Amino acid sequence: MSWLSRPVEGGALVAPSLLSADFAALDREITRMAISGADLLHLDVMDGHFVPNLTFGPLVVGAVRRLTDLPLDVHLMLTDPDRYVKQFVQAGADAVTIHVECNADLSATLDQIGDLGVRRGMSLNPPTSLGDVLPYLDRVDLVLVMTVMPGFGGQAFDPVGLDKIRALVAARDAGQGDFLISVDGGINDETGRVCREAGADILVSGSWLFRQVDPAAGVGQLRG
Ligand code: DX5
Ligand code: ZN
């Protein structure tokens, strides 16, 4: 599976978050997003401990893998992601994103993800300082800036992420790593535009995008 290149100036890659899909019609939902121009899919894995919600595990990631060729970014909202990384890679993840706030040894877990041959992502929650992520920038392929407290779709965008996106662009421009900047939580046409302008490469959108009667137009609006 090929991975993604940084989008052309001004535009963004679009990642529908399957959390907002109709899981009784996953095949149709994924096809709907693929033909609408989605660049990758975002899969939210929750353990009921790191976040106050439960979703799905490698079994469902494997099913999604069989339904699409789109790259899969698996967002692990787990207290102990290191225990499960291998299963998600075997299920077909193209990128595995862990949280800087988790309990795992972060360097070792990022190494583990890279050694398994997939892209390494690191995410941070709205209250978390970007300073916590900076030491890892040279060993990640993706930084996922949360603009809601993770756990549920449909929450309001927290603009605290915008300065983090700008600082990540500056760090990358200064040679501190080569990673894509993704943003997740409350993304719609308006908040997506401000994130793009701040320098986000990937916009993750769940409830807004899946609500669109014309998802191709929605993807186009997010892409910019
Ligand atoms: C939140 C998840 C998000 C969520 C986004 O815990 O990480 O990916 O699905 O959903 P919206 O776009 O509805 O905020
Ligand atoms: Zn997510």
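Note that ligands are numbered from 1 as they come in the structure, with each ligand's atoms numbered from 1 the same way. These numbers were taken from a predicted model, which means no experiment stands behind them.
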Requested in this report: Over 60° means perpendicular and under 30° means parallel, so classify the ring planes of H75 and H99, tilted if in between.
Outcome: parallel
Requested in this report: May I ask you to say whether R6 pairs ionically with D178, meaning some side-chain N is under 4.0 Å from a carboxylate O?
Outcome: yes
Query raised in the report: Is the shortest distance from a Lys or Arg side-chain nitrogen in D73 or R119 to a carboxylate oxygen in the other one below 4.0 Å?
Result: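 Here D73 does not pair with R119 in a salt bridge, since their nearest N and O are not under 4.0 Å apart.
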Query raised in the report: Which atom names give the shortest non-hydrogen contact between G48 and L54, and what distance separates them?
Result: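 Result for this residue pair: N-CD2, 3.7 Å.
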Query - F179 versus R172, closest heavy-atom pair with distance - result: O-NH1, 2.7 Å
Kindly give the atom name of the N, O or S atom of [X] closest to the Zn ion (ligand 2).
| X | result |
| --- | --- |
| D44 | OD1 |
| H75 | ND1 |
| D184 | OD2 |

Query raised in the report: With sequence neighbours left out, what residues match E197 under side-chain hydrogen bond (donor to acceptor under 3.5 Å, both in side chains)?
Result: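 If we apply the side-chain hydrogen bond (donor to acceptor under 3.5 Å, both in side chains) test to E197, skipping adjacent residues, the hits are R193.
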Are any protein N/O atoms closer than 3.5 Å to the N/O atoms of ligand 1? If there are, list each pair with names and the distance to one decimal place.
residue  : atom   : partner : partner atom : Å
ligand 1 : 6 (O)  : G151    : N            : 2.7
ligand 1 : 7 (O)  : D44     : OD1          : 2.9
ligand 1 : 7 (O)  : H75     : ND1          : 3.4
ligand 1 : 7 (O)  : D184    : OD2          : 2.9
ligand 1 : 8 (O)  : S17     : OG           : 3.4
ligand 1 : 8 (O)  : H42     : NE2          : 3.4
ligand 1 : 8 (O)  : D44     : OD1          : 3.1
ligand 1 : 8 (O)  : D44     : OD2          : 2.8
ligand 1 : 8 (O)  : D184    : OD1          : 2.7
ligand 1 : 8 (O)  : D184    : OD2          : 3.0
ligand 1 : 9 (O)  : S17     : OG           : 2.7
ligand 1 : 9 (O)  : D44     : OD2          : 3.1
ligand 1 : 12 (O) : G206    : N            : 2.8
ligand 1 : 13 (O) : G154    : N            : 2.7
ligand 1 : 13 (O) : S207    : N            : 3.0
ligand 1 : 13 (O) : S207    : OG           : 2.5
ligand 1 : 14 (O) : G186    : N            : 2.8

**Report entry** Modelled atom types, side-chain donor and acceptor of S17 and D44, under 3.5 Å
**Finding:**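 Short answer, yes.
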